[in-house]
Amino acid sequence: MNITPSLPLNDRYDVAVIGIGPVGATLANLLALRGLRVLALDREPDIYQLPRAIQFDGECMRVFQTIGIADQLMPGLFVAPGMKFLGADGSLLLDWQRSTERGPQAWHPSYRFHQPTLERALRARLAEQAGVDLRLRHEVFSVEEGANDVALRLEDTASGRLLRASARYVVGCDGARSTVRRFIGTELEDLRSHERWLVVDVILRRDRPDLGDHAVQYCDPARPATYVRGPGDRRRWEFMLLAGEDAAVMSRPESIWQLLSRWITPDDAVLERPAVYTFHSVVAKGWRSGRLLIAGDAAHQTPPFMGQGMAAGIRDASNLAWKLADVIAGDAGEELLDTYESERSPHVREFIETAVRLGGVIQTQDPEDARRRDREMLANPQVFATPQPRLGPGVHAGGGPAGLIGEQPVLAEGMLFDDKAGYAFALLVDSTWDIAGADPRVQLIRADTPGARDWLRRLGAGAVLLRPDRYVAGLAAAPQDVKRLLQFAAVLCEQLAPA
Ligand SMILES: Cc1cc2nc3c(=O)[nH]c(=O)nc-3n(C[C@H](O)[C@H](O)[C@H](O)COP(=O)(O)OP(=O)(O)OC[C@H]3O[C@@H](n4cnc5c(N)ncnc54)[C@H](O)[C@@H]3O)c2cc1C
């Protein structure tokens, strides 16, 4: 990695990633794994320190595994048992249970984490990757698309120098107020939830096991609130701000301790980092225009009730990086990049719409509505299951397991499937099948353990083709179907292949 104060003029990169938050850092790492020359830019001198994401899922952990930081992250994570929604009188309205055992992804379904620590690990990994040019305090203010590349104009804010660079593609991972999104000219579709919440992280001074390990949504119309057990000594409370409440006044320590008094006092904990946010729910209508793309909060934002904002951005990065790499290598036509939005947009939308529905339960403020809500929910007890959306139309056969996230079986000698596959297409195949002349870009992996064979059996297939982002591309029921399946991978759908 190269952190230098100013950019050589007119340097040309494969991809410029604008914004090195969790999504940009993940994308830049994955692009580097595919051997691309990446310019990674962020306008800030350091990682954002205010409280934000606290939960991610096993699918994100698989992406971190691919990048090579999962084992390093593991000791700093807390395996989360789920979330309870309590009514105004404390009765259990909804139970969202998460297993604390490792699941089909080979990781746990839900982890609590400290976002700045994750971002530091992603950036440290980026520092080890060849081909990555990481520039902090570099703010991009203009992107101009040409026939073969994109011209970037930026300011090195440490020196005030104005610089230029060019890249074949530019991905704006530049957050909610994305500059790249404005250059694309895309608008946001409003999914209609915009509420102000005060978010308070504390560090416990002493053990308080009575606070519990489950997250709790206090669906109290007088003051909707959330408790989340973070990793180590970190605990979080979130309080909905009511109409007319002044964010600055509510963020004062005396107001915060008043709100927290039901659970803790200054003898129990120190306040770490309060912040007031408006939780938006929006999806951009257009994630790509020519050589410009957006990912993460630049493309969609969700209220945090499902812990899916950053997670969705990590999925964007994993979906997009291999497509960019294939297009840049000449293995696929540019149209492949259109499948990024067609696949990802409906997927993230399902999470946002579910979060908005849960937000409706949590944020009810009319006491009569809350009583009716509690009566109805108690009369129909529900166990909430995590959505498992299918990708929208794109590079998968559609139907059955195609377009869904695949499992990660353990292979011989305890090796995890993804470690063997790398960030590439992989075919898990019945170990008795004779597969001749397979595409060298597809890793052939024999189902050589009971776990791997069992997954094939449950799929009703002898082979399953997984994409680099671990989504199922398609199945083969018999050995003669494998050729067709591999052709499908090799050309990434024939209609997407370069002429
Ligand atoms: C209170 C709260 C709780 C949350 N809880 C969860 C949770 O539990 N789980 C979850 O998955 N998500 C959660 N989220 C959402 C999550 O924090 C965000 O989705 C995530 O941080 C977005 O990452 P990003 O990389 O897309 O954008 P950001 O993290 O916003 O990064 C954007 C980066 O772009 C840089 N940048 C912007 N413009 C430019 C420019 N012109 N030039 C150069 N650099 C630029 C910025 O400096 C910044 O570093 C929560 C959010 C909040 C506020």
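When a ligand or atom number is given, it counts from 1 through the structure's own listing order.
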Geometric N/O contact [X] with ligand 1, under 3.5 angstrom:
X    : answer
F279 : no
M310 : yes
G307 : yes
Q115 : yes
R52  : yes
D42  : yes
E139 : no

Applying a heavy-atom cut-off of 4.0 Å, say which part of [X] lies close to ligand 1: side chain, backbone, both or neither.
X    : value
R236 : side chain
P22  : both
Q308 : backbone
R177 : neither
I18  : side chain
I54  : both
S178 : neither
D174 : both

Considering only heavy atoms of P304, which atoms of ligand 1 have at least one such atom less than 4.0 Å away? 3 (C), 4 (C), 5 (N)
Aromatic contact between [X] and [Y], with the criterion being ring centroids under 6.0 Å apart: yes or no?
X    : Y    : result
Y340 : W322 : no
Y227 : W237 : yes
F56  : F64  : yes

Verify the distance criterion only: is there a donor paired with an acceptor across the side chains of [X] and [Y] at less than 3.5 Å?
X    : Y    : value
Q65  : D71  : no
Y13  : D133 : yes
H300 : D316 : yes

Using only atom types and a distance under 3.5 Å, with no angle test, would you say the side chain of R205 pairs donor to acceptor with the backbone of P266? yes
Within-shell test, C173 vs ligand 1, heavy atom, strictly < 4.0 Å: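 Judged by the 4.0 Å heavy-atom criterion, C173 does count as contacting ligand 1.
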Member of V79, V228, L77, D213 meeting the side chain to side chain contact (heavy atoms under 4.5 Å, CB included) criterion with R112: V228
NZ/NE/NH1/NH2 to OD/OE distance under 4.0 Å, D418 and R62: yes
